[in-house]
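Remarks on the structure that follows.
Every number for a ligand or one of its atoms is a count from 1 in the order of the listing. We use all heavy atoms of the structure for the numbers below, so side chains are in, but hydrogens, waters and symmetry mates are not.
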Amino acid sequence: MCNLEKRGNLFILTLTGSDEHRLNPTLLDAIQSALHRVRSESSASSALITTAHGKFFSNGYDLDWAKSGGQDTKPRLQLMSSKLRSLVKDLISLPLPTIAAVTGHASAGGMILAVSHDYVVMRRDRGFLYMSELDIGLPIPAWFTAVIGAKIGSPAARRSVLLRSAKLAADAAAKWGIVESAHDGAEETVRAAVRLGEELVGRKWDGHVYGQIRMEMFSDLLRALDFDETVGDSKLLNNVASRL
Ligand SMILES: CCCCCCCCCCCCC/C=C/C(=O)SCCNC(=O)CCNC(=O)[C@H](O)C(C)(C)COP(=O)(O)OP(=O)(O)OC[C@H]1O[C@@H](n2cnc3c(N)ncnc32)[C@H](O)[C@@H]1OP(=O)(O)O
């Protein structure tokens with residue numbers, strides 16, 4: 001699950017437990033209600049750090065949960081996708097800087113969650129940023145590519161991530177500009193996130209101005225996030241989801 005603690009002006013959202021932090025509706029709802037708490041409790045200058053316990057930041061959608069609903073996994077895949085989409089919209093509109101302290105693997109939906117923060121600081125000795133969909137034969141929602149397009153500037157990096165399912169460790173991801181900084185060990189990664197958060201809070205920006213500027217920066221992405229993929233004719237997904 002997850003917990004939210006306030007440390008001075010910093011909100012620290014932690015995905016707790018030693019599991020893979022798979023993004024099923026229960027965890028997605030818990031994260032979203034934590035973000036709603038951050039929004040309501042944030043003062044003039046605050047920042048959010050999202051991190052996780054154990055070997056995984058998040059290993060993506062909960063495919064076991066999707067399969068447990070019967071042969072056609074599409075409705076459950078789409079439910080997780082629409083919940084994550086709503087969470088990403090929240091992250092883009094929050095009136096405060098956001099930092100993902102990636103202390104373990106962030107795969108597919110888990111990578112989308114990480115890079116949807118303003119900054120990613122990452123552990124270098126363990127953990128990949130990894131869009132695994134090609135490797136596991138799943139199509140990706142249009143809005144996933146919109147997030148990757150908005151957050152990863154280099155065409156070569158986007159090709160590696162999406163069309164080679166590259167497993168990027170922190171130093172490689174930092175070279176591509178996906179990660180702000182790489183650190184040795186989980187504790188040092190979180191400390192780096194706290195340092196960065198305190199530096200940003202120290203600027204005493206008006207959070208609503210910060211949020212408005214970020215929403216302007218990502219206006220195209222926000223439009224893509226408003227498109228309801230369940231409406232689209234996802235034939236490709238139909239036969240894939242039943243083979244999952
Ligand atoms: C067409 C229309 C569509 C319409 C849309 C409708 C909506 C529906 C959408 C459908 C869904 C699409 C989107 C999908 C989203 C999802 O999230 S699906 C779920 C995706 N999740 C996955 O696929 C899981 C992927 N994860 C993995 O494959 C593995 O867990 C892992 C991340 C690769 C980790 O593997 P594991 O073996 O557990 O890892 P480790 O043991 O930790 O490490 C493996 C070796 O690598 C070494 N290593 C680890 N980190 C590092 C490092 N930073 N640097 C160097 N080396 C590292 C580690 O030491 C290990 O090495 P060895 O010990 O030598 O093996």
Side-chain angles (χ1 to χ4, degrees), residues 15 18-25 27-28 31 52-69 72-88 101-116 120-148 160-176 178-179 181-186 188-189 224-244:
L15 307 188
S18 57
D19 59 16
E20 298 186 3
H21 310 306
R22 289 277 182 158
L23 298 171
N24 53 46
L27 180 55
L28 287 163
I31 296 170
H53 289 157
K55 167 173 154 175
F56 293 91
F57 178 79
S58 169
N59 219 11
Y61 289 170
D62 189 335
L63 298 183
D64 289 342
W65 175 79
K67 285 182 272 195
S68 66
D72 180 9
T73 56
K74 183 174 155 193
R76 290 191 165 199
L77 285 169
Q78 286 180 321
L79 178 61
M80 289 187 278
S81 201
S82 56
K83 284 181 177 288
L84 180 60
R85 192 157 45 97
S86 167
L87 218 165
V88 168
V102 177
T103 49
H105 300 296
S107 307
M111 177 168 170
I112 293 293
L113 176 62
V115 302
S116 293
V120 177
V121 297
M122 187 173 174
R123 178 178 179 172
R124 69 159 47 94
D125 51 320
R126 302 290 296 191
F128 300 129
L129 291 178
Y130 171 39
M131 291 303 284
S132 62
E133 289 85 343
L134 189 54
D135 281 342
I136 63 172
L138 264 184
I140 58 171
W143 72 268
F144 269 33
T145 42
V147 171
I148 296 292
S160 278
V161 162
L162 290 176
L163 291 179
R164 291 184 84 153
S165 273
K167 297 185 177 83
L168 295 180
D171 287 319
K175 270 206 201 88
W176 287 124
I178 305 166
V179 158
S181 56
H183 304 276
D184 293 321
E188 181 43 37
T189 304
L225 290 169
D226 277 338
F227 170 67
D228 178 357
E229 73 234 347
T230 54
V231 177
D233 167 21
S234 50
K235 271 198 218 51
L236 174 61
L237 184 71
N238 283 332
N239 55 46
V240 166
S242 54
R243 279 190 286 113
L244 201 60

Check: Trp65 main-chain N/O paired with Arg76 side-chain donor or acceptor under 3.5 Å: yes
Interatomic distance, NE2@His183 vs CZ@Arg123, rounded to 0.5 Å, equals 12.5 Å
State the atoms of ligand 1, each with its element, that fall below the 4.0 Å cut-off from a heavy-atom position in Lys167. 33 (C)
Close approach of Arg124 to ligand 1, heavy atoms, under 4.0 angstrom: yes
Location of contacts on Asp125 toward ligand 1, heavy atoms closer than 4.0 Å: backbone
Determine yes or no for a side-chain-to-main-chain donor-acceptor pair under 3.5 angstrom, with Ser81 supplying the side chain and Gln78 the backbone. no
Donor-acceptor pair, distance only, cut-off 3.5 Å: does the side chain of Asp125 make one with the backbone of Gly185? yes
Is it the case that ligand 1 has an N or O less than 3.5 angstrom from some N or O of Gln78? no
Nearest heavy-atom neighbours spanning Ser165 and Tyr130: O-CE1, 3.3 Å
Shortest reach to atom 55 (C) of ligand 1 by a heavy atom, considering only Trp143, Phe144, Tyr130, Phe128: Phe128
Which part of Arg126 is near ligand 1, with near meaning a heavy atom under 4.0 Å away: side chain, backbone, both or neither? both
Counting each atom of ligand 1 from 1 as listed, which ones have a heavy atom of Arg22 under 4.0 Å away? 19 (C), 21 (N), 24 (C)
Please say whether Arg123 places an N or O atom under 3.5 Å from an N or O atom belonging to ligand 1. no
Which one holds for Ser132 and ligand 1: side chain close, backbone close, both close, or neither close, with close meaning a heavy atom under 4.0 Å? side chain
Show the atoms of ligand 1 that are less than 4.0 angstrom away from any heavy atom in Gly60. 17 (O)
Met80 near ligand 1 by a heavy-atom separation under 4.0 Å: no
I want to check something: taking the side chain as every heavy atom from C-beta on, are Asp64 and Arg22 in contact at a cut-off of under 4.5 Å? no
Met122 contact mode with ligand 1 (heavy-atom cut-off under 4.0 Å): neither
Return a yes/no value for Tyr61: is any of its N or O atoms, backbone included, closer than 3.5 angstrom to an N or O of ligand 1? yes
Trp176 side, atom CH2; Leu129 side, atom CG - distance, nearest 0.5 Å: 13.5 Å
Which ligand 1 atoms does Gly109 reach within 4.0 Å, using its non-hydrogen atoms? 15 (C), 16 (C), 17 (O)
Roughly how far, to the nearest 0.5 Å, is the CD1 atom of Ile31 from the NZ atom of Lys83? 11.5 Å
Taking the inter-plane angle between the rings of His105 and Phe56 on a 0 to 90° scale, is it parallel (under 30°), tilted (30 to 60°) or perpendicular (over 60°)? tilted
Kindly compute the distance separating NZ (Lys67) from OG1 (Thr73), expressed to the nearest 0.5 Å. 8.5 Å
Note: ligand 1 atoms sitting under 4.0 Å from heavy atoms of Phe56 are 30 (O)
Where ligand 1 meets Ser107 - atom numbers and elements under 4.0 angstrom, heavy-atom basis: 25 (C), 26 (N), 32 (C)
Going by the 4.0 angstrom heavy-atom rule, the piece of Glu133 near ligand 1 is side chain
Under 4.0 Å, counting heavy atoms only: does Lys74 come that close to any atom of ligand 1? no
Between ligand 1 and Gly127, is the shortest N or O to N or O distance under 3.5 Å? yes
Flag side-chain contact, heavy atom, 4.5 Å: Tyr61 against Leu23: yes
Can you tell me which portion of Ile136 lies within the under-4.0 Å heavy-atom range of ligand 1? Options are side chain, backbone, both, or neither. side chain
Using the side chain to side chain contact (heavy atoms under 4.5 Å, CB included) rule, take Leu84 and Leu28 through it: C-alpha gap first, then chi angles, then the decisive distance, then the call. CA-CA 7 Å; Leu84 180 60; Leu28 287 163; 4.0 Å; yes
